[in-house]
Amino acid sequence: MTFDSLTFALFLAIVFPIYAGLRSWPARKNVLLVASCVFYGSWNPFFLLLLAFTTVFDWWAAQRIHAASNVRTRRIWFWASIVASLTLLGYFKYAQFLANTMIEWFAIIGVTYRPIDLGIVLPLGISFYTFESISYIVDVYKKRIEPTKSLRDYGLFMTFFPHLVAGPIMRFGDFNAQTVTPRVVTAEAVALGAYMLIGGLFLKIVGADHVFAPISDIVFAPDYKAGFVAAWAGALSFSMQVYCDFAGYSLAALGIAKMFGFHLPANFESPFASVGIAELWTRWHISLSNWLRDYVFFPLGGSRGSPARVYVNLWLTMFLVGMWHG
């Protein structure tokens with residue numbers, strides 16, 4: 001079920017009136033949680049079980065970290081959560097890649113193996129919700145926030161369907177501030193949210209799928225011999241295809257959340273108007289860039305220390321960016 005499908009239109013047409021018609025805020029949160037589980041489970045019920053395990057385990061680990069009376073116990077629960085999250089992400093996202101790579105490396109030294117198909121299906125959104133769960137555990141461990149005692153509220157943070165599949169990546173502190181206070185559904189917010197949703201779908205369906213994708217497909221076809229003009233046309237079209245696809249989906253997510261009274265952070269701010277690559281990273285997939293800055297680059301030392309150390313910190317951060325994108 002994607003935002004540009006008729007199934008989602010029907011889903012939204014059913015869920016939103018029920019949500020808006022309820023007066024009880026706890027009942028509204030229950031509707032959102034159930035609807036989010038249905039939305040994600042429609043892809044594959046197993047994916048929902050995996051998400052449920054991550055949600056419950058990290059919620060419990062955060063409680064144990066907060067309640068621990070000594071540093072050692074806090075560290076045990078912290079690393080248990082981090083290792084569990086990264087192990088699941090690593091298996092589903094990289095096990096097949098590593099198997100293929102090992103076969104290629106053995107082939108270099110003359111040892112030949114048949115290709116291995118592990119039959120792994122990558123759960124949708126696993127990178128996004130894994131990063132969100134890690135940020136929650138880190139923030140609790142660093143005592144930046146207190147863990148929530150409500151499994152429902154944490155489950156809603158992890159499963160909230162507008163941002164579940166493709167972001168933006170949320171921080172629990174920002175989202176929880178909205179779940180503890182009843183959201184108000186207003187005509188102005190619904191109109192603005194619908195406008196953003198339609199604009200995002202226009203970028204995705206018209207821009208990405210019907211304007212730029214056909215050009216990219218032609219130029220990057222294996223048997224196509226691209227000249228100077230075609231090569232540039234293909235490169236620019238592919239860039240715009242990726243932008244319209246991702247930015248459009250993100251804008252649609254912001255619009256849907258707005259209709260329900262929630263605010264999600266902007267993920268793109270005119271990235272192609274950037275002056276240089278450094279500024280581009282502050283405008284493109286902003287929630288990921290900020291996450292990497294706060295939970296990878298700064299903990300490594302950031303810009304402090306010798307130039308060599310700063311370059312190492314930057315290299316490791318960008319290496320993780322590449323691994324995250326596959």
Side-chain angles (χ1 to χ4, degrees), residues 54-55 58-59 61-62 65-66 71 74-75 77-90 93 125-148 153-154 156-158 160 162-179 246-247 250 253-254 257 262-269 271 274 276-307 309-326:
T54 300
T55 300
D58 287 343
W59 173 79
I65 292 171
H66 183 69
V71 175
R74 285 170 53 83
R75 286 177 178 171
W77 281 105
F78 170 78
W79 283 113
S81 174
I82 297 298
V83 170
S85 295
L86 293 181
T87 299
L88 289 174
L89 177 63
K93 197 161 187 175
I126 188 172
S127 298
F128 291 97
Y129 71 68
T130 297
F131 277 20
E132 288 175 342
S133 68
I134 289 176
S135 69
Y136 174 65
I137 291 297
V138 171
D139 287 346
V140 170
Y141 180 75
K142 296 289 187 180
K143 299 183 178 181
R144 297 168 184 160
I145 61 173
E146 288 193 4
T148 178
D153 286 0
Y154 185 68
L156 184 57
F157 161 70
M158 289 288 288
F160 188 48
H163 78 108
L164 177 57
V165 175
I169 300 171
M170 291 286 292
R171 311 284 179 92
F172 179 77
D174 297 331
F175 189 82
N176 190 55
Q178 301 180 70
T179 59
F246 200 179
S250 294
L254 267 63
F262 286 82
H263 172 75
L264 301 183
N267 221 12
F268 292 85
E269 291 183 358
S274 304
I277 296 299
E279 185 179 350
L280 174 70
W281 278 102
T282 66
R283 295 169 174 257
W284 179 283
H285 205 345
I286 300 170
S287 62
L288 174 63
S289 299
N290 291 345
W291 192 96
L292 290 164
R293 178 197 64 197
D294 296 340
Y295 295 98
V296 178
F297 183 63
F298 284 169
L300 287 173
S303 300
R304 302 185 302 272
S306 66
R309 177 57 187 269
V310 173
Y311 288 137
V312 169
N313 295 342
L314 287 169
W315 185 89
L316 288 173
T317 303
M318 297 307 295
F319 174 78
L320 289 177
V321 172
M323 291 295 293
W324 189 82
H325 283 92

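What you see is a predicted model; the values in this text were computed from it and never measured.
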Q | L89/S127 under side chain to side chain contact (heavy atoms under 4.5 Å, CB included): CA gap, chis, key distance, verdict | A | CA-CA 7 Å; L89 177 63; S127 298; 3.8 Å; yes
Which heavy atom of [X] sits nearest to which heavy atom of [Y], and what is that distance?
X    : Y    : answer
P271 : R283 : CA-CB, 3.7 Å
D58  : I137 : O-CD1, 3.5 Å
E132 : P168 : OE2-O, 3.7 Å
P162 : A253 : O-CB, 3.1 Å
R309 : R304 : CG-O, 4.4 Å
Y129 : L164 : CD2-CD1, 4.3 Å

Q.
Within the structure provided, determine whether F297 and L316 are in side-chain contact (heavy-atom separation under 4.5 Å).
A.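 When only atoms from C-beta onward are counted, L316 and F297 do not touch, as no gap falls below 4.5 Å.
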Q) Quick one: does M170's side chain get under 4.5 Å of L264's, heavy atoms only? A)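 Yes. Closest side-chain heavy atoms under 4.5 Å.
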Working to the nearest 0.5 Å, report the span between [atom1] of [X] and [atom2] of [Y].
X    : Y    : atom1 : atom2 : answer
R75  : I82  : CZ    : CD1   : 14.0 Å
I277 : W281 : CD1   : CH2   : 9.0 Å
L292 : H285 : CG    : NE2   : 9.0 Å
H66  : E146 : NE2   : CD    : 4.5 Å

Say whether, by atom type as modelled, one donor and one acceptor occur between the side chain of [X] and the main chain of [Y] under 3.5 angstrom.
X    : Y    : answer
N313 : G302 : yes
T179 : D153 : no
E269 : W284 : no
S133 : T130 : yes
S81  : W77  : no

Q.
Parallel, tilted or perpendicular: which one describes the rings of F157 and F175, with boundaries at 30° and 60°?
A. tilted
(Q) In terms of relative ring orientation, are F262 and F160 parallel, tilted or perpendicular, with 30° and 60° separating the classes? (A) tilted
Q. Passes side chain to side chain contact (heavy atoms under 4.5 Å, CB included), I134 versus W291? Steps please.
A. CA-CA 10 Å; I134 289 176; W291 192 96; 3.8 Å; yes
Q: Give a yes/no verdict on a cation-pi contact between R74 and Y141, requiring under 6.0 Å between NZ or CZ and the six-membered ring centre and an angle within 45° of the axis.
A: yes
(Q) Counting the benzene-type ring for Trp, do F131 and Y295 have ring centres under 6.0 Å apart? (A)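 No, they do not, as the ring centres are separated by 6.0 Å or more.
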Q | Distance flag, aromatic centroids of F319 and W315, threshold under 6.0 Å | A | yes
Q: Determine the sole option in N176, N290, D294 for which the side chain to side chain donor-acceptor pair (under 3.5 Å) test with R171 is passed.
A: D294
Q: Could you go through the side chain to side chain contact (heavy atoms under 4.5 Å, CB included) check for F172 and T148 one step at a time?
A: CA-CA 9 Å; F172 179 77; T148 178; 3.4 Å; yes
Q. Pick from W59, Y154, F78: which one makes a ring pair (Phe, Tyr, Trp, His ring centres under 6.0 Å) with Y136?
A.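 Single ring pair (Phe, Tyr, Trp, His ring centres under 6.0 Å) partner of Y136 among W59, Y154, F78: Y154.
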Q: Give the C-alpha distance, both sets of side-chain angles, the deciding distance and a yes or no for side chain to side chain contact (heavy atoms under 4.5 Å, CB included) between K93 and I126.
A: CA-CA 9 Å; K93 197 161 187 175; I126 188 172; 5.5 Å; no
